[in-house]
Amino acid sequence: MLSAKRKSDSQTVTAYLSSKAHGPFICLICNEEVILKTGTRRVNHFAHANPIACKFAEGESDGHRQCKMEIYEALLRAPGVTNVALERPLGSVRPDVSAYIYGVPVAIEVQISSLSIETIQRRTIEYARNGIYVLWLLQWTPKLDSNRYAPRIWEKWIHAAYFGRVYYWTGGLSVVCYHFDPKFESVPKTSWRSEDGEKMTGGGYSRRSKRYRMAVRGKTLNLVTDFGPRERYWWQGKGFTVPDAKLFIQR
């Protein structure tokens with residue numbers, strides 16, 4: 001976690017700007033003790049003294065913390081953005097970063113590790129119930145620009161939910177839009193002899209890959225100026241179900 005409550009005055013503080021002398025600290029969700037972890041090789045963060053006590057005590061990577069912190073700091077400096085917070089509780093969900101962007105309540109979820117479709121759907125539904133527009137971001141990888149890419153199942157769900165687009169964070173407020181096209185693979189032509197000596201042939205055609213896609217790179221976008229709110233109505237197709245949702249999406 002990158003934010004916690006200072007026990008002495010109940011103020012919400014960030015790990016980046018805090019020191020152990022400001023403690024003790026407590027979790028924003030469960031009000032149990034958290035410990036400030038600092039160091040030169042990792043991003044400052046809070047960790048539960050007793051991780052079992054809170055459902056938000058799951059470990060996260062340093063890369064995830066760095067990503068959240070960069071977006072948070074960039075939003076603090078951006079015109080038209082107010083009420084920026086890290087890990088603010090919003091009902092039963094707690095987005096990585098939340099803010100009002102030109103008056104629109106936005107929750108930003110940065111997904112780096114694997115996440116079930118059921119979890120993404122549940123959070124998306126909860127944001128919609130609270131009148132909050134959600135933007136699911138993924139961290140950019142050079143693999144996206146190779147001649148084939150194997151999207152994970154939740155990337156495919158995001159692609160379906162956001163009308164054939166997935167947004168990958170590259171730094172600050174910059175995100176790159178990608179679209180997944182089918183990937184066709186060649187089946188080599190072969191020939192052989194049957195038991196009775198007849199010449200047989202096979203292959204020599206292309207087939208659609210079940211695993212791979214062509215990730216088509218689109219524009220580099222600014223998270224603040226190039227996105228806006230959009231209603232997404234229930235949809236089902238290609239093995240996915242997308243619930244009614246409020247999405248923060250490319251204009």
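In this chain, residues are counted from 1 in sequence order. No hydrogens, no waters, no symmetry mates; every other heavy atom, side chains included, goes into these values.
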I158 vs L138, test: side-chain contact (heavy atoms from CB on, under 4.5 Å). Steps then yes/no.
CA-CA 10 Å; I158 292 172; L138 292 85; 3.8 Å; yes

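- Side-chain contact between T201 and T190 is absent, with no heavy-atom pair separated by less than 4.5 Å.
- In this structure, the side chains of V176 and L144 stay at 4.5 Å or more apart for every pair of heavy atoms.
- Under a 3.5 Å cut-off, the side chain of D96 and the backbone N or O of V110 do form a donor-acceptor pair.
- In F163, the CZ atom is crowded: over 12 heavy atoms of neighbouring residues, nucleotides or ligands sit closer than 6.0 Å.
- In the hydrophobic clustering of ILVMFWY residues, with side-chain heavy atoms under 4.5 Å counting as a link, F184 and F180 come out apart.
- Considering only heavy atoms from C-beta on, D145 comes within 4.5 Å of W140 through its side chain.
- Between the H159 side chain and the V166 main chain, no donor and acceptor come within less than 3.5 Å of each other.
- Looking at W157, its side chain does come within 3.5 Å of a backbone N or O of T241 through a donor-acceptor pair.
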Might you work through the side-chain contact (heavy atoms from CB on, under 4.5 Å) test for I71 and V97, ending with a clear yes or no?
CA-CA 8 Å; I71 293 173; V97 186; 4.3 Å; yes

Criterion side-chain contact (heavy atoms from CB on, under 4.5 Å) on R208 and K183, from CA distance to verdict:
CA-CA 6 Å; R208 182 170 178 167; K183 171 66 177 177; over 6 Å; no

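- Aromatic ring pairs are classed by plane angle as parallel below 30°, tilted from 30° to 60° and perpendicular above 60°; the pair Y167 and F227 is perpendicular.
- Smallest separation of non-hydrogen atoms from P229 and F248: N-CD1, 3.9 Å.
- Shown here for P182 and M214, the closest heavy-atom pair between the two residues is O-CG, 3.9 Å.
- Between K219 and C177 the shortest side-chain heavy-atom distance does not fall below 4.5 Å.
- Rounding to the nearest 0.5 Å gives a distance of 12.5 Å between CD of E118 and CZ of R123.
- Interatomic distance, R152 CZ to I117 CD1, rounded to the nearest 0.5 Å: 12.5 Å.
- Under the side chain to side chain contact (heavy atoms under 4.5 Å, CB included) criterion, P24 pairs with K7, not counting sequence neighbours.
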Trace of the side-chain contact (heavy atoms from CB on, under 4.5 Å) decision for L137 with L223:
CA-CA 10 Å; L137 293 177; L223 196 152; 3.9 Å; yes

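- Atom CD of E73 sits about 13.0 Å away from atom NZ of K68, to the nearest 0.5 Å.
- No side-chain donor-acceptor contact under 3.5 Å links T119 and W154.
- Under the 4.5 Å side-chain contact rule for hydrophobic residues, V216 and Y149 do not share a cluster.
- F25 and L36 make their closest contact through CE1-CB, 4.2 Å (heavy atoms, listed as atom of the first residue, atom of the second, distance).
- Two residues are said to be in side-chain contact when any heavy atoms from C-beta on lie closer than 4.5 Å; L75 and I108 meet this criterion.
- For the pair K199 and R193, the minimum side-chain heavy-atom distance is below 4.5 Å.
- Residues passing the salt bridge (Lys or Arg N to Asp or Glu O under 4.0 Å) test with R88, sequence neighbours excluded: none.
- Across all their heavy atoms, S92 and E126 have their closest contact at OG-CD, 3.3 Å.
- Through side-chain heavy atoms spaced under 4.5 Å, either directly or across other Ile, Leu, Val, Met, Phe, Trp or Tyr residues, M200 is tied to W192.
- Shortest non-hydrogen contact noted between L173 and A78 is CD1-CB, 4.0 Å.
- Under a 3.5 Å cut-off, the side chain of E70 and the backbone N or O of G172 do form a donor-acceptor pair.
- Judged as a ring-ring contact (aromatic ring centres under 6.0 Å, His included), and not counting sequence neighbours, the contacts of Y168 are Y178.
- In this structure, the side chains of W136 and L115 come closer than 4.5 Å at one or more pairs of heavy atoms.
- Within 6.0 Å of atom CZ in R217, more than 12 heavy atoms from other residues, nucleotides or ligands are found, so the atom counts as buried in its surroundings.
- Annotation: side chain of N147 is not in contact with side chain of Y212 (no heavy-atom distance under 4.5 Å).
- Atom CZ of R207 has 12 or fewer heavy atoms from other residues, nucleotides or ligands within 6.0 Å.
- Interatomic distance, OG1 of T14 versus CE of M69, reported as 5.0 Å (0.5 Å rounding).
- Legend: residues meeting side chain to side chain donor-acceptor pair (under 3.5 Å) with T82, ordered by chain and number and at least two apart, are absent.
- There is no path of hydrophobic side-chain contacts, each under 4.5 Å, that joins V134 to Y100.
- For the residue pair P188 and S186, the shortest heavy atom distance occurs at CD-O, 3.6 Å.
- Distance CD/Q139 to CD/Q111: 11.0 Å, rounded to 0.5 Å.
- With R232 contributing its side chain and A161 its backbone, the two residues share a donor-acceptor pair below 3.5 Å.
- The backbone N or O of R148 sits less than 3.5 Å from a side-chain atom of S146, completing a donor-acceptor pair.
- Considering CZ of R251 and CG of D226, their distance stands at 8.0 Å, rounded to 0.5 Å.
- Follow the hydrophobic side-chain contacts under 4.5 Å out from I125 and you never reach V242; the two are in separate clusters.
- In the hydrophobic cluster analysis, where Ile, Leu, Val, Met, Phe, Trp and Tyr join through side-chain heavy atoms closer than 4.5 angstrom, W169 is grouped together with L221.
- Listed by chain and number, the residues in a ring-ring contact (aromatic ring centres under 6.0 Å, His included) with Y127 amount to none (sequence neighbours excluded).
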